[in-house]
Amino acid sequence: MHKMDIRYSHKIEDFEEIVEVADKLAPRRHAIRFALVCVGVLLLIAPFLAGSGPLHPDRFLLGMSPYGISMIACAILQNPRRRARRYYAPEIKGTEYEATINQNGITTASPTDRAEFKWAAFSSVIEGENVLALVVTTTMYVFPRRAFSHEQWADFISLLRKHVPVWNGQTRTILLL
């Protein structure tokens, strides 16, 4: 493996994808959104099921309909892609980043900062189809696949699999020398 130099700018789609993958790693969030939709739909149809016919819904349950609509809206508003757009879109300004990747780690640079990490600094990897995030405690470093050639991407993934123990929430086997 030789030194790899890449240049890239972030797009909102990079963050939408990585937040969606990270959301799938927390199945409880997905289950809560699913439950909100199910209960919401149940609250909307219950008055017609409990009434004496479709034209005569149960009045008490009909009064619960706004709660059902609110639950469905809440689930829709908590969509991971929507959250990513709301949180990250204002920060995407077309800044160009540079990264140097080698056997020792990664160095990233932008017009305003520079960071150097040894592989041991990364606690986990979150991999989407077109983007990958390296996690250092509570900070994500997002690398879009488009910044790499096909061969560079394969080398990058190989380095990560060798050095970073947690991949998409699953602990990988670590060989101690």
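Two residues are said to be in side-chain contact when any heavy atoms from C-beta on lie closer than 4.5 Å; Thr108 and Tyr97 fail this criterion. Residues Ile6 and Trp153 have side chains not in contact (no heavy-atom distance under 4.5 Å, counting atoms from C-beta outward). Side-chain atoms of Ile101 and Asp155, non-hydrogen and from C-beta on, never get closer than 4.5 Å to each other. Side-chain atoms of Glu98 and Asp5, non-hydrogen and from C-beta on, never get closer than 4.5 Å to each other.
A distance of 7.5 Å separates NE2 in His10 from CZ in Phe143, rounded to the nearest 0.5 Å. With rounding to the nearest 0.5 angstrom, the CZ atom of Arg145 is 9.5 Å from the CD atom of Glu17. A distance of 6.5 Å separates CG of Asn102 from OG1 of Thr107, quoted to the nearest 0.5 Å. Here CG of Leu49 is found 9.5 Å from CG of Leu61. Values are rounded to the nearest 0.5 Å. To the nearest 0.5 angstrom, Phe48 atom CZ is 12.0 Å from His56 atom NE2. In this structure, CD1 on Ile12 lies 10.0 Å from CZ on Arg81, to the nearest 0.5 angstrom.
The shortest non-hydrogen separation linking Gly94 to Ser9 is O-OG, 3.6 Å. For the residue pair Gln152 and Ala147, the shortest heavy atom distance occurs at OE1-O, 4.2 Å. Taking every heavy atom of both residues into account, Ile18 and Gly128 meet most closely at CD1-N, 4.3 Å. Taking all atoms of both residues into account, the shortest heavy-atom contact from Glu127 to Leu132 is CG-CD1, 4.1 Å. When all heavy atoms of Val19 and Pro80 are compared, the pair lying nearest together is CG1-O, 3.5 Å.
Tracing side-chain contacts under 4.5 Å through hydrophobic residues (I, L, V, M, F, W, Y), one never reaches Ile45 starting from Met71; they form parts of separate clusters. Residues Leu62 and Leu43 do not share a hydrophobic cluster, clusters being chains of Ile/Leu/Val/Met/Phe/Trp/Tyr side chains in contact below 4.5 Å. Tracing side-chain contacts under 4.5 Å through hydrophobic residues (I, L, V, M, F, W, Y), one never reaches Ile32 starting from Leu42; they form parts of separate clusters.
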Subject >> Steps toward side chain to side chain contact (heavy atoms under 4.5 Å, CB included) verdict (Tyr8, Val142) >> reply: CA-CA 10 Å; Tyr8 58 95; Val142 177; over 6 Å; no
Original post:
Stepwise, does the side chain to side chain contact (heavy atoms under 4.5 Å, CB included) test hold for Asn130 with Lys11?
Top reply: CA-CA 11 Å; Asn130 299 305; Lys11 296 180 179 180; over 6 Å; no
**OP:** May I have the step-by-step check of side chain to side chain contact (heavy atoms under 4.5 Å, CB included) for Val135 and Val164, ending in yes or no?
**Re:** CA-CA 10 Å; Val135 180; Val164 183; over 6 Å; no
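Taking Asp58 as the reference, nothing meets the salt bridge (charged side-chain N to carboxylate O under 4.0 Å, His left out) condition, with sequence neighbours excluded.
Ring orientation note: the planes of Phe117 and Phe122 are tilted relative to one another, at an angle of 30° to 60°.
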Under 3.5 Å donor-acceptor pairs involving side-chain atoms of residues 82-93, not counting sequence neighbours:
| unit_1 | atom_1 | unit_2 | atom_2 | d |
| --- | --- | --- | --- | --- |
| Arg83 | NH1 | Gln78 | O | 3.0 |
| Arg85 | NH1 | Glu16 | OE2 | 3.1 |
| Lys93 | NZ | Pro90 | O | 3.4 |

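Side-chain contact, Ser110 with Asp113: a donor N or O sits under 3.5 Å from an acceptor N or O.
No donor-acceptor pair under 3.5 Å is formed between the side chain of Ser158 and the backbone N or O of Ala154. Judged by distance alone, the side chain of Trp119 and the main-chain N or O of Gln103 form a donor-acceptor pair under 3.5 Å.
Other cluster members for Val37: Val41, Leu44, Ile69, Ile72, Ile76, joined by side-chain heavy-atom distances under 4.5 Å among Ile, Leu, Val, Met, Phe, Trp and Tyr.
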